[in-house]
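Only one structure is covered here, and it is reproduced in the block below.
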Amino acid sequence: MSETNKRNEHGKRAVQTTGHSWDGDLQEYNNPIPRWWLWAFYATVVFAVVYWFLYPAWPVGGTYTKGVMNTITYTGPGGEERTTHWNTRALLMRDMQEGTHAVRQREYLERVAAMSYNEIADDPDMMAFSRSVARGLFADNCAACHQVGGGGVPGVYPNLADDDWLWGGTFERIEETIREGRRGFMPAFPQFNARQLDDLASYVLSLSGHSVDADAAARGDDIFNGPTGGCMYCHGEGGTGGPAQGAPNLTNGLWQIVDVPSAPTLEGKKALVKRVVSEGAQRHMPTFQDRLSDAEIRALAVYVHSLGGGQ
Amino acid sequence: MTGSTVARVAIYPRSVKGRFRNLKWGILGLAYGVYFLLPWLRWDRGQGPSQAVLFDIPGRRFYLFDLVVYAQDIFWLAGLLIIAALLLFFVTGILGRVFCGYFCFQTLWTDVFLFVERFVQGERPARIRLAKAPWSVGKAAKLSLTHLLWLLIAMATAATFVLYWGDAPSLLVAMVTGEAPSAAYVTVFFLTATTYVMAGWAREQVCTYMCPYARFQSVMFDSDTRIVGYDTGRGEGKAGRAKLAPGLKTREERHAKGVGDCVDCGYCVQVCPTGIDIRNGLQIECISCALCIDACNNIMDHAGFPRGLIGYTSEKEQSGAPVRVLKPKTYGYGLALLVAVGALTWSVAAREPFELSVTQIRQPLAVTLSDGRVQNNYELKLTNKTNETARYAIGITGLQGAELEIGRFETVSLEPGRSVTLVAHVRVDPDEARQAQQDFKFVVEPVDGGDGRGEPRTWRSVFYIPSLERAEVSLVH
Ligand code: SF4
Ligand code: SF4
């Protein structure tokens, strides 16, 4: 096509050369760009300058040029009006308060707050919504201890994804746990001698099917279920647990407070149990009712319930 | 002209009548009819809005008559783009830049703006005169009217575009009463401005300087490709072109003097919307609109010469060689096009009545329950893509002795177009399982509703038992 462009006998659009030539005959066409193009370029420059004046732009020493459109007002988390220098974070805050999605989410949360747990559990939409809201809440508030997904840390922070609950796994009990926090306390038994401790540990391990010395276990049984230890006051007769006080169920092979499975030998397992008996145990989960709204606590309870073992 | 920039040379295309002009009006009428009326077409589809074509962004689905495109089907758009590209290659290889000349929005809207310009200011000479005339009330009135009409058309164009993204009647009312979302106004403003500037001011500059297609069209051309071409041999003769003058009136007289058939009337140049002289050969600016063909044919008819001095031709045809339409390139692009169209059609036709996806929850991957069984959790996502409410039964298969617990949703009812996400707990007794990782399937079956398309669908998943994994590892070592 450019070949034909060169023809200029008839057309007035002959392409001129820049006048340079190399190697004798190598020349450069002059195809100038249109002038409006240049003006469009200048317009972008002007736009940039206007932008500098409007918005925060240039770093100057320890500070920066502030711009004219330099404040932004949004509603803070507590409902108070806040005005700060313009920044995208404040813009996001405003959007999270006033944006259409934020408003929709709030409406949904209000519905969650107004529904009973049974109604939520029957409604797949509300279940899905509660779970998706609570996933973020859980990550912010709970995952540091209980881990993302609620798997817990063996022996330290209870696993919320199995069906073993220290304080009960119904919606209501979970809500109470989140709302008020929990203080788990098992008294220490320093008065027990080595033999008593060994007997007790044998009995406790036998409850979850470990093969131990039968005589030792029988003696441990007396301590556990009798007045010497009085363990059954909390752990229940036969060690089935007492969710009212957060006393673990000792019969199911799941260990929330002592990481028995981590010890490879029976002696090791016994040692772990003995230590808890002689030193006692104290666990503390903080209260969340001051940090989270009722609707959030409700959604969180639904989420925890659905992690795997809700009752 | 040796500076680094040049001022634009204003172009005042003359109107023309003829075959191609009629074709262009026809296509323009059709395109405008579809574009401006489509949002107003109602469509009863049993679910969702009753607008034939609606792009519902917040709801994340596109409604195209009876087809509802969900967000997860958006790859169809990629298919559509591939088809459009292949069609362009295919057509361009055979017919040249027909897209540019007949179907391109820039061409269509510029055409209408030109029509308005001529309607208000008159034919080419009148417009040139008006442009050169000193300012007067009459000139100001004519120019304002032109620009006003342009702005109105641009605004109608912009507003119509917005109507595709919401319920047209209520959205239009909302826009007029000032209650529409700000995005609507921003779009209207932006599209009005661009339409006005592009079709009113920039015109051929878009084709020449901005359009990328103009830049790579030539790679699709070959010597068989149809182009708008001037028959130099016939037009120029030995002694060049010459005006119709005494003694140069008939072809015989002209041929005797070695003069060609081109009467140098300049009509072909005057009608050209990109302002080029086709007699200099094919140029990058030529959008193949064929208006110069109409113009020259009119002149030829007038002079009593045969038509076709400018015509749709090809390099080969011009040199007298036979033209091949069915060349390897045609077959290649044609085949690719057929495959792409076939694949998209198949994909659309075979779309599932409901969509299922299962992901395993990996944190934690597995937990042991108090009865000794191992539990894995899965997240199921189910979307009802039919036009009626359907109830789905959810189960598993291929996992011996497993129990599925899915809250209260062994069956779940879904309204048309709705999705739901469920958590499924699967429990297995490790004593009965042999492998640490075992494949199994989720089975979802519509038990009623769903347009009677009740085949169950399965989704492969894996069940992990970490304690067995440890056992296997120790066996290996
Ligand atoms: S040269 Fe002819 S076909 Fe090409 S743009 Fe001009 S009028 Fe249209
Ligand atoms: S319209 Fe035909 S006759 Fe007139 S100048 Fe163009 S090519 Fe020549």
Side-chain angles (χ1 to χ4, degrees), chain A residues 1-19 30-39 100-101 104 118 121-125 127-129 131-132 143 147-152 159-165 209 249 251-254 261 305-310, chain B residues 1-9 58 181 201-202 205 208-210 217-218 221 236 240-241 264 269 275-277 279-286 361-373 375-377 379 381-382 405 407-409 412-414 418-423 425 427:
Chain A
M1 262 177 290
S2 59
E3 195 59 32
T4 53
N5 259 345
K6 280 184 284 181
R7 303 215 277 150
N8 58 4
E9 317 88 274
H10 306 292
K12 37 187 186 312
R13 296 178 60 91
V15 179
Q16 298 175 358
T17 66
T18 54
N30 180 25
N31 277 313
I33 53 167
R35 195 154 295 152
W36 59 261
W37 189 279
L38 191 70
W39 284 110
T100 36
H101 282 92
R104 248 226 329 254
N118 261 325
D122 278 335
D123 184 335
D125 266 355
M127 275 301 276
F129 171 76
R131 277 181 51 82
S132 74
Q147 309 295 299
V148 178
N159 184 339
L160 305 177
D162 63 17
D163 64 342
D164 182 44
W165 297 91
N249 180 346
T251 65
N252 62 13
L254 301 178
H305 188 270
S306 78
L307 283 177
Chain B
M1 282 259 292
T2 47
S4 59
T5 61
V6 278
R8 179 187 169 214
V9 181
W201 293 92
Q205 304 273 305
T208 313
Y209 295 102
M210 304 182 202
Q217 54 155 340
S218 52
F221 278 31
E236 312 283 317
R241 53 182 92 124
D264 207 9
V269 180
I276 56 170
D277 186 345
R279 293 172 301 172
N280 293 341
L282 183 60
Q283 292 142 74
I284 190 171
E285 293 91 340
C286 176
I361 296 173
R362 286 167 177 275
Q363 257 174 335
L365 191 54
V367 291
T368 306
L369 299 181
S370 45
D371 59 6
R373 288 187 299 170
Q375 170 170 285
N376 283 197
N377 297 334
E379 204 168 74
K381 193 160 185 231
L382 201 58
E405 202 264 322
R408 306 185 185 179
F409 312 116
V412 61
S413 175
L414 271 181
R418 295 299 299 268
S419 322
V420 73
T421 308
L422 305 169
V423 190
H425 310 295
R427 292 158 191 170

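Below, chain A is the first sequence line, B the second, and so on; all start at residue 1.
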Spatial distance of atom [atom1] ([X]) from atom [atom2] ([Y]) [nearest 0.5 Å]:
| X | Y | atom1 | atom2 | value |
| --- | --- | --- | --- | --- |
| Met127(A) | Arg408(B) | CE | CZ | 8.5 Å |
| Asp371(B) | Leu254(A) | CG | CG | 9.0 Å |
| Asp163(A) | Gln375(B) | CG | CD | 7.5 Å |
| Trp37(A) | Arg8(B) | CH2 | CZ | 14.5 Å |

Interchain contact, [X] with chain B, by part (heavy-atom threshold 4.5 Å):
| X | answer |
| --- | --- |
| Leu38(A) | side chain |
| Asn118(A) | both |
| Asn159(A) | side chain |

Among [options], which has the most heavy-atom pairs under 4.5 Å with chain A?
| options | value |
| --- | --- |
| Cys286(B), Ala7(B), Pro181(B) | Ala7(B) |
| Leu369(B), Thr421(B), Thr208(B), Val420(B) | Leu369(B) |
| Pro58(B), Ala202(B), Pro364(B) | Pro364(B) |
| Thr368(B), Leu414(B), Val412(B), Ile361(B) | Thr368(B) |

Measure the acute angle between the ring planes of Trp36(A) and Tyr209(B), then classify it against the limits of 30° and 60° as parallel, tilted or perpendicular.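 Trp36(A) and Tyr209(B): perpendicular rings.
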Tell me if the CZ atom of Arg104(A) is crowded by more than 12 foreign heavy atoms within 6.0 Å.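 Open.
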Just so I understand: if I count every heavy-atom pair under 4.5 Å between each of Asn252(A), Asn249(A), Thr100(A) and chain B, which residue has the most?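 Highest number of pairs under 4.5 Å: Asn252(A).
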